[in-house]
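In what follows, a single structure is set out as structure tokens and then discussed.
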Amino acid sequence: MQVLWFKRDLRLSDHLPLFQAMRNAKHHGLVLPLYIHEPSHIADVHTARQHQLFVHECLEDLHQQFNAVGGYLHEELGEAVDVLAALHAQFKFTHLWAHQETTQLAQYRRDQAVAAWCKSAGVAFIELPQNNVQRVAHCANPRGERVSFQTYLDRAAQEEIKNPAERDLSAFFAPQPPHALNRATVPLAAGDDKPLRMKGGRTQARAVAAKFFTPAKLRAYPFSISSPLKAFNGCSRLSPYLAYGVVSDREVLQKLNALVNTVHGQGDAELIAKVEDAARFYVDRLIWRQGYFQQFENHTGLETDAFYANEPAETNEDFLSAWQQGKTGFAYIDALQRCLCQTGWLNMRARATLVSFACVQLGLPWQPVALYLAQQFLDFEPAIHYGQVRIASGTSHFSQMLVYDPVKQQLEQDPQGEFIRRWLPEFNTPNCLPPIVDNAGSLKQGKARLHAMRQNKLL
């Protein structure tokens, strides 16, 4: 028997471990699809209730996907090594298939423990790459060569995506284990759900994609991503589904490619040029995304390490609390935090503005800032999150220092105050708080501190 372990890859389409396990069923045995609810991950400080509920919604949808092809998804509660050892004692499986997961140190250590257990138990542990992220131990793709992400994208646009939908694969699944997990026994992650967050599942992801991948939406995309007011409807909003592998980057790219081909068929030269420009703009963001992944894969210390000798270390708890609660007296900052608290999402520039204000103007260390936002962002992807926080806080190796003046951002991104009035109803009333720092003075001091800090690299 073989076990197919799902982690951040909650889909059946474009799922190479699933395809390989099915293809090898004749030689290695039938397939048991598995998801493990790990108490250590649920209790991790980065995991919030909204993340857990989003995953549960994705799992419900994944159950339906499996049912449609004659299979099932088996869920277990426990630490991965313990669950796998118990299943091995019961079923004597010989192969464990999974996608590589570019994520936090805790998950790396878990996978290392699983690999060690597999070796001791005589189980072949095959981790296959996704998003073209190349690990030292698995740096070759199925063709046996290392490829750039641009080459990967070029191929992905043309290669057929393996999708088991509308096929009867019941003959490939092992008999379902007799015990079924009661979700009520799964520990609850910390925090509360967000009332306006996006819902999980592939059905939801397909609806979001269909809404975005139109000529009008794509053309407007480059001009909609900076303002939080425009971004809610102007961005693709696929980030939570990409973060949990509900859709793959290859699938997104092919949606984009199909749209461009459709526009070409209409023969309007001006429209074709504008859609092609917007498509390239979108692909650039996919390339950046993969770059964050590869950087994190190569340097997991981004999550924990100081790069400069004199980085801020002491946290002003009053400043941190005011920033978290949206009570800084800076209307734009406070509105962003209030919005994030309700929705779990902000556009990238808004995220950078929050981090820059906290770390540069309030002098907060980047670590508590990063942790709080990780809990708030529904689409929390460790590689992207820590990469962006380090840049916006000025503590990365990025040569250019980016500082976002919140007053200037407000004037540029919400000049009529529509976003602020929506999320900060006390704006321009007697209840509006005074600024906790002077904007010009704190910017000047913060920039000077960053310049001095960046003269003292540790690495």
Side-chain angles (χ1 to χ4, degrees), residues 6-18 46-47 50-59 61-62 65 98-104 107 128-133 149 152-153 156-157 161 163 197-213 217-218 221 224-225 231-259 279 281-297 343-348 351 373-374 376-388:
F6 287 83
K7 294 184 280 187
R8 277 186 176 243
D9 51 351
L10 304 180
R11 65 182 187 275
L12 298 188
S13 177
D14 197 23
H15 197 287
L16 188 56
L18 168 68
H46 296 83
T47 304
Q50 62 157 343
H51 301 136
Q52 185 181 41
L53 290 173
F54 184 87
V55 167
H56 288 183
E57 292 159 3
C58 292
L59 292 175
D61 193 284
L62 191 56
Q65 294 175 55
H99 265 131
Q100 289 173 7
E101 189 177 16
T102 301
T103 185
Q104 296 138 284
Q107 276 67 56
L128 299 176
Q130 58 179 339
N131 302 308
N132 199 49
V133 177
F149 191 66
Y152 166 78
L153 287 178
I161 287 179
N163 187 349
R197 70 163 171 86
M198 301 178 75
K199 302 302 181 183
R202 190 167 173 87
T203 301
Q204 294 285 339
R206 289 169 64 90
V208 170
K211 184 178 179 181
F212 176 74
F213 286 111
K217 280 281 191 179
L218 187 60
Y221 171 72
S224 304
I225 65 172
F232 264 84
N233 292 317
C235 288
S236 73
R237 303 301 303 277
L238 287 170
S239 57
Y241 306 106
L242 285 165
Y244 288 95
V246 179
V247 295
S248 70
D249 59 0
R250 283 162 44 93
E251 291 181 301
V252 172
L253 184 69
Q254 291 205 3
K255 279 278 188 185
L256 189 65
N257 198 48
L259 173 58
F281 189 83
Y282 191 91
V283 169
D284 283 345
R285 272 74 197 156
L286 284 179
I287 294 173
W288 291 357
R289 178 176 182 270
Q290 194 272 345
Y292 281 117
F293 281 137
Q294 193 63 61
Q295 180 187 39
F296 201 67
E297 186 73 36
T343 68
W345 189 86
L346 288 172
N347 59 310
M348 190 174 75
R351 299 181 189 208
L373 291 177
Q376 301 306 309
F377 292 144
L378 177 63
D379 57 9
F380 169 57
E381 185 84 75
I384 299 173
H385 179 71
Y386 277 101
Q388 290 181 343

Nearest heavy-atom approach of Leu256 to Ala279 is CD2-O, 3.7 Å
About how many Å separate CD of Gln295 and CH2 of Trp288, when rounded to the nearest 0.5 Å? 14.0 Å
Phe54: ring-ring contact (aromatic ring centres under 6.0 Å, His included) partners, not counting sequence neighbours: Tyr241, Tyr244
Kindly assign one of parallel, tilted or perpendicular to the pair Tyr221 and Phe212, based on the angle between their ring planes and the thresholds 30° and 60°. perpendicular
Gap separating the CZ atom of Phe293 from the CD1 atom of Ile384, nearest 0.5 angstrom: 4.5 Å
How close do Glu381 and Ala243 get, counting heavy atoms only, and between which atoms? OE1-CA, 2.9 Å
Quick one: OH on Tyr282 to CD1 on Ile225, what's the gap to the nearest 0.5 Å? 11.0 Å
Within the structure provided, determine whether Gln130 and Leu16 are in side-chain contact (heavy-atom separation under 4.5 Å). no
Going by the salt bridge (charged side-chain N to carboxylate O under 4.0 Å, His left out) test, which pairs reach into residues 241-256, not counting sequence neighbours? Asp14-Arg250, Glu159-Arg250, Arg202-Glu251
Please check this pair: side chain of His51 against backbone of Phe377, looking for a donor-acceptor N/O pair closer than 3.5 Å. yes
How are the rings of His46 and Tyr386 set to each other: parallel, tilted or perpendicular (split at 30° and 60°)? perpendicular
Hey, could you give me the OG/CE distance between Ser239 and Met198, rounded to the nearest 0.5 Å? 7.0 Å
Asp379: what forms a salt bridge (Lys or Arg N to Asp or Glu O under 4.0 Å) with it, not counting sequence neighbours? Arg351
From CA spacing to verdict: side-chain contact (heavy atoms from CB on, under 4.5 Å), Gln100, Leu128: CA-CA 6 Å; Gln100 289 173 7; Leu128 299 176; over 6 Å; no
Does the Lys199 side chain pair with the main chain of Cys58, one donor and one acceptor, at a distance under 3.5 Å? no
Worked verdict on His15 versus His99 for ring pair (Phe, Tyr, Trp, His ring centres under 6.0 Å): CA-CA 8 Å; His15 197 287; His99 265 131; 4.6 Å; yes
Arg237 to Ala231 - nearest heavy-atom pair and separation: CD-O, 4.2 Å
Arg285 to Phe281, cation-pi by 6.0 Å centre distance and 45° axis angle: yes
Can a donor-acceptor pair be found, under 3.5 Å and without considering hydrogens, that links the side chain of Asn131 to the backbone of Gln290? no
Intermediate values then yes/no, side-chain contact (heavy atoms from CB on, under 4.5 Å), Leu12 and Asn163: CA-CA 7 Å; Leu12 298 188; Asn163 187 349; 5.5 Å; no
Nearest heavy-atom neighbours spanning Ser236 and Val208: O-CG1, 3.2 Å
What pairs with His385 under side-chain hydrogen bond (donor to acceptor under 3.5 Å, both in side chains), at least two apart in sequence or on another chain? none
Looking only at non-hydrogen atoms, find the nearest pair between Gln204 and Gly200 and report the distance. CG-O, 3.5 Å
Atom NE2 of His56 and atom CG of Leu62: how far apart are they, to the nearest 0.5 Å? 13.0 Å
Mind checking what makes side-chain contact (heavy atoms from CB on, under 4.5 Å) contact with Thr343, not counting sequence neighbours? Leu196, Phe232, Cys339, Trp345, Trp423
Can you give me the closest heavy-atom contact between Ser224 and Gly234, atom names plus distance? CB-CA, 3.7 Å
Would you give the length of the straight line joining atom OG of Ser248 to atom CD1 of Ile161, rounded to the nearest 0.5 angstrom? 5.0 Å
Please name all residues satisfying salt bridge (Lys or Arg N to Asp or Glu O under 4.0 Å) with Lys7, sequence neighbours left out, ordered by chain then number. Asp111, Glu127
I'd like to check the side-chain hydrogen bond (donor to acceptor under 3.5 Å, both in side chains) partners of Gln107; sequence neighbours left out, ordered by chain and number. His41
Within a 6.0 Å radius of atom CZ on Arg289, are there more than 12 heavy atoms belonging to other residues, nucleotides or ligands? yes
side-chain hydrogen bond (donor to acceptor under 3.5 Å, both in side chains) filter on Thr47, not counting sequence neighbours, yields none
For the residue pair Val252 and Phe213, establish whether any side-chain heavy-atom pair is separated by less than 4.5 Å. yes
ring-ring contact (aromatic ring centres under 6.0 Å, His included) involving Tyr292 - partner list, sequence neighbours excluded: none
Applying side-chain hydrogen bond (donor to acceptor under 3.5 Å, both in side chains), can you list everything that pairs with Gln376, at least two apart in sequence or on another chain? Lys194
Are Arg11 and Val246 packed together at the side-chain level, in the sense that at least one heavy-atom pair is separated by less than 4.5 angstrom? no
Kindly write out the residues that satisfy side-chain contact (heavy atoms from CB on, under 4.5 Å) with Asp284, not counting sequence neighbours, or none if the list is empty. Ile287
